[in-house]
Amino acid sequence: QGSDYFINPSGWKKLRFDGPGSGGTLWSNSTYRFTSNVNGLNVECDYYMSLYSEATIYSYSCSFRMAKYSSGGSLLQTWGTTSASGGIGPGSYWHPNGNFSTTLNAGEYIRAEAKTNTGNKIRMSRTSWEDSWLDFTYHNSAASTDSLLYQNRGELNQWEWLKGLFTRF
């Protein structure tokens with residue numbers, strides 16, 4: 001339950017999230033983000049966060065969003081921006097969730113972010129029955145076999161294209 005799982009004041013902060021449901025080699029457990037390595041990467045993301053209040057008396061405000069950044073770190077787009085109605089009370093959980101689709105270029109990244117007005121009170125849940133998850137599905141249609149074949153087909157007449165296809169296999 002390290003202190004680095006707490007959400008502290010001073011604006012939107014990345015959530016420390018150790019490994020999404022999926023994300024493969026594009027997910028980093030050191031920067032806590034999903035980063036594209038190619039242009040035109042189509043991404044779908046489903047998310048479910050479990051944020052917990054360690055407060056003993058008061059409810060504290062908390063907001064959550066998913067954010068897309070440029071390779072230079074500029075905010076490009078957000079999804080699911082929401083706030084806990086009335087704050088998160090002592091010993092309570094809050095579960096922002098949703099899904100979105102986007103296209104990333106090389107170096108652009110997606111991460112989960114949160115903010116609060118009080119330090120060391122709201123954190124990511126670290127219990128097995130209140131897990132958080134991110135599920136990324138992604139593909140790059142620009143590199144698919146069909147698009148490569150059709151691209152080359154336009155440069156040759158149909159017979160040469162078909163003949164070339166047969167000789168390759």
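The first residue of the sequence shown is numbered 1, and numbering continues consecutively from there. Values below: all heavy atoms of this structure, side chains included; hydrogens, waters and symmetry mates excluded.
- Residues Ser71 and Ala106 share a closest heavy-atom pair of CB-O, 4.2 Å.
- Ring geometry for Phe100 versus Trp79: interplanar angle under 30°, hence parallel rather than tilted (30 to 60°).
- Under the side chain to side chain contact (heavy atoms under 4.5 Å, CB included) test applied with Leu41, the options Leu26, Asn105, Thr103 reduce to a single match, Leu26.
- Under 3.5 Å, the side chains of Tyr32 and Glu113 contain no donor-acceptor pair of N or O atoms.
- The CZ atom of Phe6 sits 11.0 Å away from atom OG1 of Thr116, with the distance rounded to the nearest 0.5 Å.
- The side chain to side chain contact (heavy atoms under 4.5 Å, CB included) test with Lys68 is passed by exactly one of Thr78, Leu76, Val43: Leu76.
- To the nearest 0.5 Å, atom CZ of residue Arg33 and atom CG of residue Leu15 are 14.5 Å apart.
- Listed here is the closest heavy atom pair of Asn39 and Asn140: O-ND2, 3.3 Å.
- Distance CG/Leu51 to CD1/Ile88: 5.5 Å, rounded to 0.5 Å.
- Cation-pi contact between Arg111 and Tyr69: present, with separation from the ring centre below 6.0 Å and deviation from the ring axis of at most 45°.
- A 4.5 Å side-chain heavy-atom check between Arg65 and Lys115 finds every atom pair outside the cut-off.
- With Asn8 contributing its side chain and Asn120 its backbone, the two residues share a donor-acceptor pair below 3.5 Å.
- Looking at Leu134 and Trp27, their side chains come closer than 4.5 Å, going by heavy atoms from C-beta outward.
- Of all heavy-atom pairs between Ser50 and Ser132, the closest is N-OG, 2.7 Å.
- Using a 30° and 60° split on the angle between ring planes, Tyr60 and Tyr58 fall in the perpendicular class, above 60°.
- Ser83 and Trp94 make their closest contact through C-CZ2, 3.5 Å (heavy atoms, listed as atom of the first residue, atom of the second, distance).
- Using a 4.5 Å heavy-atom cutoff, the side chains of Tyr47 and Trp133 are not in contact.
- Separating the CD1 atom in Ile122 from the SG atom in Cys62 is a distance of 5.5 Å, to the nearest 0.5 Å.
- Rounded to the nearest 0.5 Å, atoms OH (Tyr138) and OG (Ser36) are 10.0 Å apart.
- Using a 4.5 Å heavy-atom cutoff, the side chains of Trp12 and Ser63 are in contact.
- Residues Leu75 and Met66 do not share a hydrophobic cluster, defined by chaining ILVMFWY side chains whose heavy atoms lie under 4.5 Å apart.
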- Stepwise side chain to side chain contact (heavy atoms under 4.5 Å, CB included) check, Phe136 with Asp46: CA-CA 7 Å; Phe136 292 99; Asp46 293 305; over 6 Å; no
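- Between atom OG1 of residue Thr82 and atom CZ of residue Phe64 there is a gap of 9.5 Å, rounded to the nearest 0.5 Å.
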